[in-house]
Amino acid sequence: QVQLVESGGTSVHPGGSLRLTCAASGDAYGRANMAWFRQFPGKEREGVAGFSTATGEKTYADSVMGRFTISGDNAILYLQMNNLKAEDTAMYYCASRPPRAWIRGRWSPDDYDYWGQGTQVTVSS
């Protein structure tokens with residue numbers, strides 16, 4: 001079992017910055033791949049940034065490329081968000097999975113086994 005706890009979500013003005021934190025514990029095997037997802041009201045969760053704790057590989061969704069940065073390790077994961085826009089307003093989740101082949105792909109929520117409770121980010125003027 002893996003436990004993930006997000007924090008850092010709050011309200012911020014457009015153009016502002018925010019750093020989310022995910023504290024991870026439990027079975028290290030289940031934390032081989034970690035990622036940040038977000039969910040808009042009435043929509044499915046979408047992948048934002050991914051991180052392989054084994055290789056250090058980082059991947060980003062096109063919508064956040066150049067603005068968001070994922071960092072950390074399998075014990076604590078960060079998402080630095082710069083130049084925030086109103087369309088970034090969402091609930092942000094930390095997720096992890098064991099090292100196995102992707103079934104639907106790295107941006108599919110179905111490929112992740114463990115989830116945090118989420119932290120709300122609101123960008124408005």
Side-chain angles (χ1 to χ4, degrees):
Q1 282 291 331
V2 173
Q3 296 77 44
L4 303 171
V5 180
E6 304 95 332
S7 61
T10 189
S11 295
V12 63
H13 293 306
S17 297
L18 203 58
R19 189 176 78 165
L20 304 183
T21 300
C22 172
S25 60
D27 182 12
Y29 184 76
R31 292 180 270 146
N33 294 107
M34 301 187 72
W36 286 98
F37 282 73
R38 64 186 179 185
Q39 187 168 23
F40 306 111
K43 298 290 182 65
E44 291 190 357
R45 293 180 187 181
E46 64 174 40
V48 173
F51 177 60
S52 168
T53 60
T55 66
E57 179 187 16
K58 301 176 183 179
T59 52
Y60 298 94
D62 289 343
S63 59
V64 304
M65 186 79 71
R67 298 190 299 123
F68 290 11
T69 303
I70 190 171
S71 64
D73 54 34
N74 68 349
I76 189 159
L77 190 70
Y78 301 105
L79 184 67
Q80 177 67 42
M81 304 185 293
N82 297 328
N83 189 22
L84 282 161
K85 306 175 182 180
E87 51 264 40
D88 294 317
T89 295
M91 184 72 80
Y92 284 72
Y93 296 91
C94 179
S96 73
R97 67 192 296 277
R100 61 171 182 255
W102 299 102
I103 299 175
R104 297 192 177 185
R106 67 176 66 254
W107 298 134
S108 171
D110 293 341
D111 270 85
Y112 289 81
D113 294 11
Y114 305 101
W115 294 87
Q117 82 289 349
T119 187
Q120 177 68 37
V121 172
T122 301
V123 184
S124 69
S125 54

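Heavy-atom minimum distance, Arg106 versus Thr59: CD-OG1, 3.6 Å. Contact record, Arg104 with Asp110: NH1-OD2, 2.8 Å, taken as the closest heavy-atom pair. When every heavy atom of Gly47 is checked against every heavy atom of Ala61, the shortest pair comes out as O-CB, 3.4 Å. The heavy-atom pair separating Leu79 from Ala49 by the smallest distance is CD1-CB, 4.1 Å. For the pair Asp113 and Pro98, the tightest heavy-atom approach, listed with the atom from each and the gap, is OD2-CD, 3.4 Å.
By the 6.0 Å contact criterion, CZ on Arg100 is enclosed, its count of non-hydrogen atoms from other residues, nucleotides or ligands being greater than 12. Within 6.0 Å of CD on Glu87 lie more than 12 heavy atoms contributed by other residues, nucleotides or ligands.
A distance-only check finds no donor-acceptor pair linking the side chain of Ser125 to the backbone of His13 [under 3.5 Å]. With hydrogens and angles ignored, the 3.5 Å screen pairs a side-chain donor or acceptor of Arg31 with a backbone N or O of Gly26. At least one donor-acceptor pair closer than 3.5 Å links the side chain of Lys58 to the backbone N or O of Ile70. Under the 3.5 Å distance criterion, the side-chain polar atoms of Thr122 are left unmatched by any main-chain donor or acceptor of Thr89. Not a single donor-acceptor pair under 3.5 Å links the side chain of Thr21 to the backbone N or O of Ser7.
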Checking side chain to side chain contact (heavy atoms under 4.5 Å, CB included) for the pair Asn82/Ser17: CA distance, chi angles, key distance, verdict? CA-CA 4 Å; Asn82 297 328; Ser17 297; 2.9 Å; yes
Do Glu6 and Trp36 pass the side chain to side chain contact (heavy atoms under 4.5 Å, CB included) test, and can you show the C-alpha distance, the side-chain angles, and the key distance before you say yes or no? CA-CA 10 Å; Glu6 304 95 332; Trp36 286 98; 3.9 Å; yes
Under the side chain to side chain contact (heavy atoms under 4.5 Å, CB included) rule, what do Val12 and Met81 come out as? Steps first, then yes or no, please. CA-CA 11 Å; Val12 63; Met81 304 185 293; over 6 Å; no
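For the atom pair OH of Tyr60 and CZ of Arg67, the computed distance is 12.5 Å after rounding to the nearest 0.5 Å. How far SG of Cys94 is from CD of Gln3: 12.0 Å, rounded to the nearest 0.5 Å. The structure places CD1 of Ile76 at 11.0 Å from OG of Ser25, a figure rounded to the nearest 0.5 Å. Distance check, rounded to the nearest 0.5 Å: CD of Gln120 to CG of Leu20 gives 10.5 Å.
Cluster membership check: Met65 shares its hydrophobic cluster with Tyr92, using side-chain heavy-atom separations under 4.5 Å among Ile, Leu, Val, Met, Phe, Trp and Tyr. One hydrophobic cluster holds both Val48 and Leu77 under the rule that ILVMFWY side chains link at heavy-atom gaps under 4.5 Å.
At a threshold of 4.5 Å between non-hydrogen side-chain atoms, the residues Tyr114 and Gln1 count as touching. With contacts defined as side-chain heavy-atom distances shorter than 4.5 Å, the pair Asp88/Arg38 qualifies. Residues Arg97 and Asp111 form a side-chain contact, since some pair of their non-hydrogen atoms from C-beta on lies under 4.5 Å apart. Side-chain contact between Phe51 and Ser71: absent, with no pair of heavy atoms (C-beta onward) separated by less than 4.5 Å. Taking the side chain as every heavy atom from C-beta outward, Phe68 and Leu18 never approach each other to under 4.5 Å.
Ring geometry, Tyr112 versus Trp102: the interplanar angle falls from 30° to 60°, so the pair is classed tilted. Ring pair Phe37/Trp107 is perpendicular by interplanar angle, where above 60° counts as perpendicular and below 30° as parallel.
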